[in-house]
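For reference, the structure is listed below as structure tokens.
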Amino acid sequence: MRTPFVAGNWKMFSNSDSAQKLAAAIVAGVGKEDRVRVAVCPPFPYLALVGAILNGSRVGLGGQNHYPEKEGAFTGEVSPSMLLDVGCQYVIVGHSERRHKLGESDAFINRKVKAALAAGLRPILCVGETLEEREANQTAAVLQRQLTQGLADVPSSADLHEQLVIAYEPVWAIGTGCNATPAQAQEANAFLRSRLAEQLGRATADQMIIQYGGSTKPDNAASLLNQPDVDGALVGGASLNAVQFLTIVQAAIRR
Ligand code: PGA
């Protein structure tokens, strides 16, 4: 039994006031609920503020990015240990906005996955095809490449499913209001699980959380989350509204 995991990616939104209010509302809404895992990923400047509000709650904290070195002369960058130091358990890696707007390669993303794991920070590795790739029937090839290269040299271990999360995020669905159909999400997530089994072994693949992300909203969450291989959601826009985010969390509980 995989416990569903719903994470909010706040992207470059919020300010110190709205971030704290949003975090407090999510903490109150999640309460002692343990049938779902929940986390929020605020912008770097608000991590510590939000972390203080999450302290002692069941809501986890994640960064949206990191640089794959322990420390050094990397102006503007943040290391995995810094994220851990301010209370993060997770970090988003390979988000399509970083792949496509900031030019991150699979090789660089792989370094980030390995650096996060080595530091004890759980990467949420995002993979997903563009519309052009889907229309050219390249979806499976793209997902396979991003997964294989993103996880290159990551050794399988009995608890890897607790350290690593995969998120299927079709680029054409992110922030567009055009979500994948439940059948498309299921097909992609089942494919990813089959590739994970090849790469890391069946036992690890069967226990790995594979989220869906891309225009997840209160009105489509239940049908997406009811798919057998959709183990939760990485939520962008709707995670900035506590009522909407908590409705998606509820849908994950009822799946
Ligand atoms: P969205 O974003 O829910 O606004 O489409 C998802 C994401 O980027 O993780």
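One-based numbering, in listed order, for ligands and for the atoms of each. Values in this document were obtained by computation on a predicted structure and should not be read as measured data. Each residue takes its place number in the sequence, starting with 1.
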Do Val165 and Leu83 belong together in a cluster built from hydrophobic side chains that touch within less than 4.5 Å?
no
In short, salt bridge (charged side-chain N to carboxylate O under 4.0 Å, His left out) pairs touching residues 6-29 with sequence neighbours left out are Lys11-Glu97, Asp17-Lys21
Salt-bridge contact Arg99-Asp106 (side-chain N to carboxylate O under 4.0 Å)
yes
Open item on the list: Between Arg111 and Glu69 (salt bridge meaning N to carboxylate O under 4.0 Å), is one present in this structure?
Closed with: yes
Residues at least two apart in sequence or cross-chain that pass ring-ring contact (aromatic ring centres under 6.0 Å, His included) with Phe5, listed by chain then number, are Tyr90
Residue set satisfying salt bridge (Lys or Arg N to Asp or Glu O under 4.0 Å) with Lys70, at least two apart, ordered chain then number -> none
When you check ligand 1 against the protein, what N or O pairs turn up below 3.5 Å? List the atom names and distances, or just say none.
{"unit_1": "ligand 1", "atom_1": "2 (O)", "unit_2": "Lys11", "atom_2": "NZ", "d": "3.3"}
{"unit_1": "ligand 1", "atom_1": "2 (O)", "unit_2": "Gly236", "atom_2": "N", "d": "3.4"}
{"unit_1": "ligand 1", "atom_1": "3 (O)", "unit_2": "Ser215", "atom_2": "N", "d": "3.4"}
{"unit_1": "ligand 1", "atom_1": "3 (O)", "unit_2": "Gly236", "atom_2": "N", "d": "2.9"}
{"unit_1": "ligand 1", "atom_1": "4 (O)", "unit_2": "Gly237", "atom_2": "N", "d": "2.8"}
{"unit_1": "ligand 1", "atom_1": "5 (O)", "unit_2": "Gly175", "atom_2": "N", "d": "2.6"}
{"unit_1": "ligand 1", "atom_1": "5 (O)", "unit_2": "Ser215", "atom_2": "N", "d": "2.7"}
{"unit_1": "ligand 1", "atom_1": "8 (O)", "unit_2": "Lys11", "atom_2": "NZ", "d": "2.7"}
{"unit_1": "ligand 1", "atom_1": "8 (O)", "unit_2": "His95", "atom_2": "NE2", "d": "2.6"}
{"unit_1": "ligand 1", "atom_1": "9 (O)", "unit_2": "His95", "atom_2": "NE2", "d": "3.3"}
{"unit_1": "ligand 1", "atom_1": "9 (O)", "unit_2": "Glu169", "atom_2": "OE1", "d": "3.2"}
{"unit_1": "ligand 1", "atom_1": "9 (O)", "unit_2": "Glu169", "atom_2": "OE2", "d": "2.7"}

